[in-house]
Amino acid sequence: MQAKKEWIEIAVAALDQAYVPYSHFPVGACLVTADGKTYQGVNIENASFGLTNCAERTAFFKAVSEGERNFQHLVVAGHTPEPISPCGACRQVMSEFCDPSMPVTLVGDEGVIKEMTVSQLLPYSFTDKDL
Ligand code: THU
């Protein structure tokens, strides 16, 4: 699919914008809205390490703060030999804003790719239905 190739390129390009002076571990994301708009995200670290924001959450918070609520795809890219694995906090944020069946493409170096869904990343998730 041509669109997906472009979304992967956007996530990989974002790696150059990551602010990672402490871990030197850049992560890039491309979040795609239902109508095809893309939001890039990068990890943004802080001297107070716990304040770090992951690339995935940066993309979600950028999009949601612009009024977006409907998403069709997320790509996450890392300079890792295997496809990068999103952290638990980011999986919970995906589960808040995305259908469980939404595809998530995980990308590593050398074009190594893993295709998953939001519910595969976070099964039996805590959602608004549990409140
Ligand atoms: N990181 C992300 O940006 N996304 C993930 O899903 C995994 C971890 C970042 C956070 C931190 O800046 C660096 O990777 C090392 O943990």
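When a ligand or atom number is given, it counts from 1 through the structure's own listing order. Hydrogens, waters and symmetry mates play no part in the numbers below; they use all other heavy atoms, side chains included. All figures in this text were calculated on a predicted structure; none of them were measured in a lab.
Annotation: atom 12 (O) of ligand 1 to nearest protein heavy atom, E45 OE2, 2.5 Å. Annotation: atom 9 (C) of ligand 1 to nearest protein heavy atom, N43 ND2, 3.3 Å. If you check which protein heavy atom lies closest to atom 3 (O) of ligand 1, you get A55 N, 3.0 Å. Scanning the protein for heavy atoms near atom 16 (O) of ligand 1, the closest one is F25 CD2, 4.8 Å.
K4 has a carboxylate O that lies under 4.0 Å from a charged side-chain N of E115, or vice versa, which qualifies the two as a salt bridge. Salt-bridge check for E66 with K62: failed, with every basic side-chain N at 4.0 Å or more from each acidic carboxylate O.
In the model, S125 has no side-chain atom that pairs as donor or acceptor with a side-chain atom of Q92 under 3.5 Å. No side-chain donor-acceptor contact under 3.5 Å links T52 and N46.
Between F71 and F60, the ring center distance clears the sub-6.0 Å criterion.
For ligand 1, the atoms sitting less than 4.0 Å from at least one non-hydrogen atom of E56 are 2 (C), 3 (O), 4 (N), 5 (C), 6 (O), numbered in the order shown with element in parentheses. Atoms of ligand 1 lying under 4.0 Å from any heavy atom of T52, numbered from 1 in the order shown and given with element: 10 (C), 11 (C), 12 (O). Applying the 4.0 Å criterion to heavy atoms of P86 picks out, from ligand 1, the atoms 6 (O).
Looking only at side-chain heavy atoms (C-beta outward), V20 and F25 stay at 4.5 Å or farther from each other.
Of the candidates C54, A18, A59, C54 brings a heavy atom nearest to atom 1 (N) of ligand 1.
Between V20 and ligand 1, not a single N/O pair is under 3.5 Å apart. Taking any N or O of C90, backbone or side chain, none lies under 3.5 Å from an N or O belonging to ligand 1.
Within the 4.0 Å heavy-atom criterion, the part of S23 lying near ligand 1 is the side chain and not the backbone.
Put simply, the side chain of E45 gets close to the backbone of Y22: a donor and an acceptor are under 3.5 Å apart.
D99 CG: more than 12 foreign heavy atoms inside a 6.0 Å radius.
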